[in-house]
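This is a predicted model, so every value here is computed, not measured. Values below: every heavy atom of this structure, side chains too, minus hydrogens, waters and symmetry copies.
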Amino acid sequence: HTLKRDHTGVPPLFQAIHRDNGKFVDKLHAAKGRLVLRYQHEPPLFTAARLGKMNSLRVLLERKEPVNEVCKKSLYKDLAPIHIAVYSGHLQAVIALCVAGADLHKTSQSGHTAVSIAQKQRTQSQNGELIKSFIDVAAKSQSLTESKAVGAAIKAANGLRAVGAGGNTAFHLAALNGQFEIVLLLVLSGFSINERNLKGETPLHVAVGHVNSESCARFFVAAGADLHAKTKAGKSVLTTAYEGGHRELVDIVRGGLAWL
């Protein structure tokens with residue numbers, strides 16, 4: 001059964017978002033009565049982006065919540081979900097919103113865009129520099145629609161087809177060569193960061209084995225790559241990093257595992 005308002009008057013849908021219970025968010029959002037889809041002038045997608053609640057955010061995007069709808073709450077007035085996700089340092093939310101078509105040039109009441117907020121916040125959060133890099137690449141694309149179309153074409157041509165002796169996809173090759181901006185563009189275009197090559201390796205497996213791919217490895221870990229993924233030979237990401245012999249990359253993986 002559905003949740004009731006709690007003692008503070010928080011509506012059921014927003015309780016579910018706070019708990020990041022994607023199943024309840026989906027059930028409540030689909031309810032015919034729609035219950036309350038705003039709380040203190042915050043749209044639900046804005047709340048999920050502000051709190052970094054990824055299960056809820058993905059469900060709301062699947063339910064076609066308006067990705068550019070602004071908040072009317074005085075504290076966040078006229079900020080869109082992408083603005084608050086960047087400001088709050090939630091890289092995974094930033095990625096999901098960009099892939100869903102967030103307007104990176106939308107201006108807040110104070111005159112800021114996602115690009116300018118990312119520039120300002122780059123040293124203010126753990127993922128600030130990665131968010132700035134991702135936003136910059138996204139903003140340089142002529143449009144998100146065109147970027148996604150290009151990505152779809154690349155994926156159709158190379159992404160799922162073995163290339164080279166290692167059976168790598170275009171994504172794996174970019175990670176292997178430390179082509180950070182290409183990695184970001186492929187993610188923006190909808191590539192899965194956990195895509196496998198013929199050996200069962202994810203792009204993170206490939207990145208942690210090569211010192212020139214440190215930026216890519218940092219991004220994959222922060223973006224929520226599966227740190228427990230194993231290859232067909234049974235090698236974990238951490239084992240691959242140790243075998244690569246690069247202490248910095250080992251520390252990146254260990255740091256990610258410590259947060260799980």
Side-chain angles (χ1 to χ4, degrees), residues 10-11 13-18 20 22 25-26 28-29 34-149 151 184-185 187-190 222-224:
V10 177
L13 177 60
F14 288 82
Q15 289 183 54
I17 292 172
H18 277 258
D20 205 20
V25 170
D26 189 45
L28 291 167
H29 194 280
R34 282 303 186 90
L35 302 176
V36 177
L37 288 186
R38 300 291 180 275
Y39 176 58
Q40 294 185 346
H41 304 292
E42 277 195 32
L45 189 63
F46 184 92
T47 301
R50 176 171 62 82
L51 299 175
K53 302 297 187 180
M54 289 308 300
N55 292 328
S56 302
L57 188 140
R58 292 188 186 101
V59 168
L60 292 168
L61 289 174
E62 289 171 3
R63 284 281 176 184
K64 306 300 182 185
E65 272 292 304
V67 71
N68 293 311
E69 184 177 4
V70 299
C71 181
K72 295 301 182 182
K73 187 176 182 178
S74 58
L75 182 62
Y76 308 117
K77 189 170 178 59
D78 289 333
L79 292 181
I82 188 64
H83 294 138
I84 197 64
V86 172
Y87 185 82
S88 302
H90 298 311
L91 176 60
Q92 293 183 49
V94 170
I95 293 171
L97 291 166
C98 285
V99 171
D103 183 358
L104 299 179
H105 301 289
K106 188 177 184 66
T107 305
S108 69
Q109 189 179 46
S110 58
H112 291 293
T113 64
V115 177
S116 65
I117 295 172
Q119 172 68 23
K120 183 178 179 181
Q121 293 295 115
R122 71 187 188 282
T123 61
Q124 302 302 310
S125 68
Q126 182 180 5
N127 294 325
E129 288 288 354
L130 291 175
I131 289 174
K132 180 183 180 299
S133 296
F134 186 80
I135 289 290
D136 285 348
V137 167
K140 280 192 291 186
S141 300
Q142 289 186 344
S143 73
L144 288 172
T145 301
E146 290 179 8
S147 174
K148 288 169 74 174
L184 299 184
L185 180 59
V187 171
L188 175 67
S189 302

Under 3.5 Å, side chain of [X] to main-chain N/O of [Y], donor-acceptor pair present?
X	Y	value
Asn127	Leu91	no
Asp26	Val59	no
Gln15	Val10	yes
Ser116	Thr113	yes

Partners meeting salt bridge (charged side-chain N to carboxylate O under 4.0 Å, His left out) with Lys72 (sequence neighbours left out):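 With sequence neighbours excluded, Lys72 shows a salt bridge (charged side-chain N to carboxylate O under 4.0 Å, His left out) to Asp78, given in chain and number order.
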Are [X] and [Y] packed together at the side-chain level, in the sense that at least one heavy-atom pair is separated by less than 4.5 angstrom?
X	Y	answer
Glu65	Pro44	yes
Pro66	Pro43	no
Gln121	Lys132	no
Ile82	Leu104	yes
Val25	Arg63	no

Separation of Lys140 NZ from Leu188 CG (nearest 0.5 Å):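 Nearest 0.5 Å value for the CG-NZ distance: 12.0 Å.
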Pairs meeting criterion ring-ring contact (aromatic ring centres under 6.0 Å, His included) with involvement of residues 77-125, two or more places apart: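 For residues 77-125: none.
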Pairs involving residues 45-70, ordered by first then second residue, that meet ring-ring contact (aromatic ring centres under 6.0 Å, His included) (sequence neighbours left out):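 Counting only pairs at least two positions apart or across chains, the ring-ring contact (aromatic ring centres under 6.0 Å, His included) contacts touching residues 45-70 are Phe46-Tyr76.
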For a quick test of reading the model, state the closest non-hydrogen atom pair linking [X] to [Y] and the distance between them.
X	Y	value
Thr47	His18	CG2-NE2, 4.2 Å
Ala100	Leu61	CB-CD2, 3.8 Å
Leu28	Ala16	CD1-CB, 4.1 Å
Ser125	Gly89	OG-CA, 3.8 Å
Cys98	Ile135	SG-CD1, 4.1 Å

Trace of the side chain to side chain contact (heavy atoms under 4.5 Å, CB included) decision for Ile84 with Cys71: CA-CA 10 Å; Ile84 197 64; Cys71 181; over 6 Å; no
